[in-house]
There are 2 protein chains.
Amino acid sequence: MATIRDVAKLSGVSVATISRVINKNGYVTPETEIKVINAINQLNYSPNAVARGLARKKTNTIALVLPDITNPFFSELARAVEDAAKHYGYTLNLCNSDNEESKEKAYFDILKDRYVDGIIIASDTSAYRRHYLKNSKIPLVTIDQTPRNESSVIVTSKNIKGAKLAVRHLFEIGCKKIAHIYGPLEYKPSLDRLRGYEQAVKSQEWYSSSLTVQGNFKIESGIEAVKTLLERHPDIDGIFAGNDLMAIGALKGLLKMGKKVPEDVAICGFDNINLTEIMEPEITTVAQSIYGMGTLAVELLMKKIGESPVEADDNIHLHELDVTLIQRGSTQRGVKK
Amino acid sequence: MATIRDVAKLSGVSVATISRVINKNGYVTPETEIKVINAINQLNYSPNAVARGLARKKTNTIALVLPDITNPFFSELARAVEDAAKHYGYTLNLCNSDNEESKEKAYFDILKDRYVDGIIIASDTSAYRRHYLKNSKIPLVTIDQTPRNESSVIVTSKNIKGAKLAVRHLFEIGCKKIAHIYGPLEYKPSLDRLRGYEQAVKSQEWYSSSLTVQGNFKIESGIEAVKTLLERHPDIDGIFAGNDLMAIGALKGLLKMGKKVPEDVAICGFDNINLTEIMEPEITTVAQSIYGMGTLAVELLMKKIGESPVEADDNIHLHELDVTLIQRGSTQRGVKK
DNA sequence: ATGAAAGCGCTAACAT
DNA sequence: ATGTTAGCGCTTTCAT
């Protein structure tokens with residue numbers, strides 16, 4: 001591989017001049033620029049990114065830390081982050097944490113030594129992160145996290161609003177008793193969706209906390225949850241699940257129990273991952289823009305890194321994207337009950 | 001951040017000695033080693049990976065180039081690759097190519113400048129890749145590709161065998177006319193699965209090439225394909241789809257057309273992605289070990305990089321993993337027709 | 001067993 | 001407008 005020195009020699013100028021033309025900064029006469037460019041092409045030169053990283057203390061790499069890329073929510077997010085990163089000339093380091101603090105910590109240490117320019121975190125082990133935040137100056141953007149005192153930038157969706165949309169829709173199609181399956185409460189969106197649900201149903205005379213049951217955001221837990229719920233309240237006719245995977249589980253569980261969806265029980269999920277459309281019936285859900293969250297996270301990170309001009313909304317630290325209800329078969333009733 | 005020089009100063013030895021203890025090579029007296037370790041701890045020193053990369057021309061980073069992380073097959077593969085890479089002390093660069101040669105090429109150039117130590121490719125634009133292979137010395141492992149003359153290492157599954165397993169199973173449950181939906185033929189596994197299908201059915205008097213139709217490995221194309229097939233041959237009672245996503249599409253399409261699965265038409269897919277289990281009925285499929293392929297790819301790459309001892313099977317360049325039939329509801333018939 | 005010093009390839013003062 | 005040179009932080013010969 002040709003180095004900057006080879007180019008300098010061939011074009012008869014100094015390395016500084018080469019550096020100037022490849023970085024388009026400083027003054028260079030058009031003539032020498034042409035000479036340099038010719039030499040570059042002739043040698044098929046392209047600057048060594050590692051050397052550049054060492055000199056600049058900047059690698060044009062960002063990292064995405066998430067629990068598990070295998071989860072469709074996160075793979076969609078990762079895709080968005082990669083696309084946006086590429087657009088800014090950055091490369092993406094993928095880090096699966098399984099939500100384990102030890103793995104997250106190990107990654108932080110490695111990433112720091114590698115001069116990654118920024119980190120986007122969509123994983124949730126907060127204890128170490130807080131410590132890390134104080135001891136590191138790596139720009140950070142966080143997805144779906146609980147706001148803390150530190151100046152962290154957070155991207156999330158309007159979860160409370162979304163939950164209310166879901167419940168209201170279930171009411172509208174005639175549901176008389178609506179249950180909720182919520183996700184892990186350490187995870188902020190779970191809590192918000194639960195709150196939204198509670199606010200929407202608490203005035204009903206039938207409301208009881210036994211209408212809510214916890215899942216873990218996976219399909220299997222939706223199956224379990226629905227079993228528990230129907231044992232407690234056989235007359236449930238609407239279920240709002242805290243995410244789509246649990247909604248899918250709920251659907252499977254109900255079908256297995258011989259219930260008809262949506263005739264006996266209607267279901268609404270949250271997220272709008274692609275899977276909702278492959279189920280039979282297709283699942284009504286509260287759509288959040290996963291891709292949009294990823295894109296926004298990168299944009300905000302780029303501002304922190306200094307790639308992108310900071311604007312008036314500079315000091316907004318909580319970015320809540322809007323959500324919308326997507327009506328599909330799992331709540332499509334011909335006749336109201 | 002403390003540097004190696006700070007550690008040298010504090011412990012009263014030279015940087016060379018520090019380097020020796022952190023890399024555990026060369027001679028160091030136990031006493032000085034202790035002094036050094038103390039200094040390291042005291043300063044909370046950890047070596048700068050970028051500087052090290054420059055000096056060693058090695059970054060402990062590998063890249064995974066795939067079409068789209070959003071596809072469940074590839075997200076599972078990515079998870080396996082990351083886990084294995086981490087195990088060897090490597091970090092993972094994720095590159096979505098959308099199977100576009102231009103994107104793949106752009107990534108190759110970037111990766112080369114970044115001193116990535118190796119690349120795993122599960123994306124399929126072969127023209128540039130061939131050129132690249134000749135001009136670069138970056139170790140490469142390829143997933144599901146057509147073997148070429150170059151000394152490329154390839155990880156794939158026994159696709160022909162898998163296709164035969166699928167078709168044979170459909171025969172066994174009583175299918176009398178079996179169609180096949182195949183994927184893009186530039187993609188080696190598609191071709192092999194098509195061949196396997198042909199070999200398994202060509203002796204049947206009903207066989208005709210109009211029983212095969214092309215899809216693009218996505219759900220939608222499965223829906224389309226099944227429509228075409230049933231127009232041509234309304235008496236089809238078994239479908240072998242070239243991958244699970246198209247099998248899902250086929251299932252959706254059939255249900256939409258009022259067909260019963262598996263009673264009227266049985267379906268078998270290929271891959272065994274998780275989605276096969278969330279469908280109703282669950283989809284019978286030929287399982288390939290996606291995770292295993294990812295793991296193996298990394299292991300082979302590590303041999304090329306020199307992290308791992310090369311053994312007798314050193315010069316095997318085609319690694320075909322075994323496949324197995326997973327029977328599920330989409331081929332579970334109570335009574336044979 | 002330890003140290004000195006020359007790189008690795010680039011950037012960015014500073015000088016001219 | 002261009003060149004000189006001192007880093008960036010580490011590895012690795014070569015001495016001692």
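Within every chain, numbering begins at 1; the chains are lettered A, B, ... in the order of the sequence lines, protein sequences first and strands thereafter.
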**OP:** Treat primed atoms plus P, OP1 and OP2 as sugar-phosphate and everything else as base, then score nucleotides 6-13 of chain C 5' to 3': B for base contact with protein heavy atoms under 4.0 Å, S for sugar-phosphate contact only, - for none.
**Re:** -BBBBSBB
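- For A/Ile110, the side chain to side chain contact (heavy atoms under 4.5 Å, CB included) criterion is met by A/Arg114, B/Thr91, not counting sequence neighbours.
- Evaluation of the side-chain hydrogen bond (donor to acceptor under 3.5 Å, both in side chains) rule for B/Tyr291 yields B/Asp83 as partners, not counting sequence neighbours.
- Checked against side-chain hydrogen bond (donor to acceptor under 3.5 Å, both in side chains), A/Lys35 has no partners two or more places apart in sequence or in another chain.
- Bending across the helix from C/dA1-D/dT16 to C/dT16-D/dA1, expressed as the angle between its end axes from five pairs apiece, amounts to 40° (10° rounding).
- Remark: the backbone N or O of B/Leu140 is paired with a side-chain donor or acceptor of B/Lys304 at under 3.5 angstrom.
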Using atom types as modelled, flag every donor-acceptor pair under 3.5 Å from a side chain in residues 65-78 of chain B to any protein atom, sequence neighbours excluded.
residue: B/Asp68; atom: OD1; partner: A/Arg79; partner atom: NH1; Å: 3.1
residue: B/Asp68; atom: OD1; partner: B/Thr70; partner atom: N; Å: 3.1
residue: B/Asn71; atom: OD1; partner: B/Phe73; partner atom: N; Å: 2.8
residue: B/Ser75; atom: OG; partner: B/Pro72; partner atom: O; Å: 3.2

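- Read 5' to 3', the first and last nucleotides of DNA chain D with an atom closer than 4.0 Å to a heavy atom of chain A are D/dA1 to D/dG9.
- Annotation: salt bridge (charged side-chain N to carboxylate O under 4.0 Å, His left out) contacts involving residues 37-60 of chain A, sequence neighbours excluded, comprise A/Lys58-A/Asp117, A/Lys58-A/Glu307.
- With sequence neighbours left out, the side chain to side chain contact (heavy atoms under 4.5 Å, CB included) criterion links A/Lys112 to A/Asp109, A/Ile138, B/Met1, B/Ser46.
- In this structure B/Ser308 satisfies the side-chain hydrogen bond (donor to acceptor under 3.5 Å, both in side chains) test with no other residue, sequence neighbours excluded.
- The side chain to side chain contact (heavy atoms under 4.5 Å, CB included) test applied to B/Asn25 returns B/Arg20, B/Asn23, not counting sequence neighbours.
- Following rounding to the nearest Å, B/Lys35 (NZ) and C/dA1 (C1') show an atom-to-atom distance of 12 Å.
- Partners of A/Glu82 by side-chain hydrogen bond (donor to acceptor under 3.5 Å, both in side chains), not counting sequence neighbours, listed by chain and number: B/Tyr107.
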